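Computed from a predicted model, the values in this text were never measured in an experiment. Numbered from 1 within each chain, the chains take letters A, B, ... in sequence-line order. Both backbone and side-chain heavy atoms feed into the values below; hydrogens, waters and symmetry mates do not.
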Amino acid sequence: MEAYRQEIIIGAVIIYMVFCIFTGLWAMRRTKNSSDFFVAGRGLGPVVVSLALFSSTLSGFGFVGGPGLVYSIGVSSFWMIVISSTGYALGFFLVAKRIRMIADVRNCISLPDVLAARYNSEAVRFLIAVTIVLGVMGYLATQILAMAVVMQAILSGTAMFADIGLVTCVVVSSAVLIFYCVTGGIIASVYTDVVQGAIMMIAGVLILLTAMSVFDGGMQEATSIILADDGEAMMPFGAAGIMASLGWFFVFGLGLAGQPHLVTKMMMNRSISDNRIILPMSLFGYVMAALLWVSIGVIMRAAVIDGVIEPLALPDDAASFFLSIFTNPLLAGIVFAGLFAAIMSTSDAFLNIGAAAIIHDIPKAIRGKSIQNELFWARVVTVILAVVAASFALYSHFQDATLVAILGAFGWATFAASIFPVLAIGLNWKGATALGAIAAIVSALLINFIVQLSGIVLPYGILGGLVAFIVSLSLFIGVSLVTKKPELDADMQAVLNI
Amino acid sequence: MHSKLIYVIFATVLLIAGILVAIFLAESVPNGAGLAHAQFNGMRVGGNGVARLEHIGTLAFAFQALLLLLIVCLAALGVAEERRSKGFWAYMGGTLLFSLFVWWQMYSNHQAFLETGVTSYFMGFPVATAWQVYGTWLAAIPLIVLYSVGFRKFIFTDEDEEKFEQLLEQIAKKSEQ
């Protein structure tokens, strides 16, 4: 079996991609209008929503960047995972019920739709839509590049595709992504997410079992090797230090409820009561899948320190090296399929919300109505978004990394800082005003942009995103308290009373 | 609605901001955010843990304690004011105390390691890290339990559902007219 390692891995990835294509074709028949395309007609069951929610949370970053971070900075990055229970809990307490209710009452198909209804403000809609578009471009470009790099690494190990170029890999992987997103919209996305989520959970558990067998003394031997090399790396704050760790706890914990691709999924369930099941199921799935992040990272750092393997050229090589050295080919095939699943499940969610922002929200904010024939244009814009993001990714790789790096700043932390106060607090506090919301969004964008562009390094590893988040929270509540209490429409008043 | 709670949340956020400013102004140390590993490219180390916490340890402890308070208050904000009974607040208070206990155990076990250089292990990790990995994750489980088990009592009661159905009916009637 070892002799056919590459073929088995390629086979697993091809099977997965073929599945995505067929799901797109199947979902196309169920996609009749823009509501189906963007929010699946608000008719999804709890299992589908749970798996879609957690698989979209754990992107390719979790499968490639996560183990790389543990290899690089030790336990510091664990804070991004252990916060998941708090993050999901806050997301459901603050957002899940009311976003679903407003979506029903106002027939909303996007997050900016919901916030425009809540604040009765087209300026809020516009700012949130622009934030989403900028964030989507950064996220998509990095995800597409990651997908292509992994594909190239797999294919170049075979004689037939030894010289395959990165451009070809970008084209092939983007084509599959575009096909099922364009044909089946969010219905295809969430049903592929179900399989993607299942693969990620299986991969997480199997990798943990494999990782525990690398050292005779299991995980404890690995952690004691790291501890002996550098005590801080294996202690709770890791190499990055206490403020970087607590900053991640803040930004990832509270910030989950501000991620547009996740909260949009809270609008898609069939019944509000399903939320009581969706919350624990999503959390369970996330934890199972995240086992891969922790176990590969710890084992690879310990194995390098102990001289079991050669040092890695790049921390992000941790996952692929682990799979090629320590796992059998079948497991490697499952995990590589899981890796594509993780990347695609996040990418499809971003393509969907990006298209909604462009064809629905920005026109509505500017001229008071969305464009005609939304379903057709949603498909066109989905293709354009993916092509532009793929071009950004290639330009970044071959010419200049600055563009994607700047857009990358509009990642998790910017969404957290600009959307969390406006959405999570705004849906639960009638005193929140449009002016408070605008101040929060603008401050979050400005601070993140300035920190990113100027390359400012804050003391003790404090994150620019943390500063932006605290400032936007303060401004949101402070400005709302000093501005005139808004007069809410009767239906919004009723929703906020429930 | 939520008139007092939002002030508590606001005050907590401002205190957190104040602590962050104090940390900005504190004397910095070379390894505050880690150093490159002397031997392995791409790997970083924390180095002297005592030095890293010397000027900001207490501030960072307070930062996290306030963040845990903020999390519990935000979760409470998601529950309608009339359902925030004494029993509810007792439960939320217990959740906060549990979170603070976990945080204290993690921090104090780390301090003990810094003083002695030795640690015991729990389920694969040094004790302080085990409190982080298992304890921090478990600390929010009471919130999940309250949401899932107490859904019909605190989050979306039968009465809420009825009101919401009526609202949808009214809207449907209006749109027909």
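The most heavy-atom pairs under 4.5 Å with chain B, out of A:Leu481, A:Ile81, A:Leu312, come from A:Leu481. Between chain B and the options A:Ala240, A:Gly461, A:Pro311, A:Ala233, heavy-atom pairs under 4.5 Å are most frequent for A:Ala240. Ranking B:Asn41, B:Leu20, B:Asn109 against chain A, the residue ahead of the rest is B:Leu20, based on heavy-atom pairs under 4.5 Å. For chain B, the option among A:Val495, A:Ile462, A:Ile73, A:Leu473 with the highest count of heavy-atom pairs below 4.5 Å is A:Ile462.
In this structure, the side chains of B:Arg52 and A:Tyr460 stay at 4.5 Å or more apart for every pair of heavy atoms. A:Val75 has its side chain out of reach of B:Val133: every pair of non-hydrogen atoms, C-beta onward, lies at least 4.5 Å apart. Residues A:Phe250 and B:Ile71 are not in side-chain contact: their nearest non-hydrogen atoms beyond the backbone lie 4.5 Å or more apart. Counting only heavy atoms from C-beta outward, the side chains of B:Ile16 and A:Phe469 never approach each other to under 4.5 Å. Looking at B:Val13 and A:Phe476, their side chains never come closer than 4.5 Å, going by heavy atoms from C-beta outward. Side-chain atoms of B:Phe125 and A:Met234, non-hydrogen and from C-beta on, do get closer than 4.5 Å to each other. Contact annotation: the side chain of A:Ile305 approaches that of B:Met43 to within less than 4.5 Å [non-hydrogen atoms, C-beta and beyond]. Using a 4.5 Å cut-off on side-chain heavy atoms (C-beta onward), A:Ile425 and B:Ile6 make contact.
When all heavy atoms are compared, the tightest approach of A:Asn428 to B:Gly78 is OD1-CA, 3.6 Å. Smallest separation of non-hydrogen atoms from A:Pro236 and B:Gln132: O-NE2, 3.5 Å.
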Give the intermediate values and the outcome of side-chain hydrogen bond (donor to acceptor under 3.5 Å, both in side chains) for residues A:Asp229 and B:His37.
CA-CA 10 Å; A:Asp229 177 66; B:His37 197 290; 2.8 Å; yes
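Using a 4.5 Å cut-off between heavy atoms, A:Ala96 touches chain B through its side chain atoms alone. Within the 4.5 angstrom heavy-atom criterion, atoms from both the backbone and the side chain of A:Asn275 approach chain B.
Residues of residues 83-93 of chain A that come closer than 4.5 Å to chain B, counting heavy atoms only, are A:Ser84, A:Ser85, A:Thr86, A:Ala89, A:Leu90, A:Phe92, A:Phe93, ordered by residue number. Residues of residues 110-117 of chain B having a heavy atom under 4.5 Å from any heavy atom of chain A, listed by number: B:His110, B:Phe113, B:Leu114. Listed by sequence position, B:Ala60, B:Phe63, B:Gln64 are the residues of residues 59-66 of chain B in contact with chain A, using a 4.5 angstrom heavy-atom cutoff. Within residues 145-153 of chain B, the residues having any heavy atom under 4.5 Å from a heavy atom of chain A are, by residue number, B:Leu146, B:Tyr147, B:Ser148, B:Val149, B:Phe151, B:Arg152.
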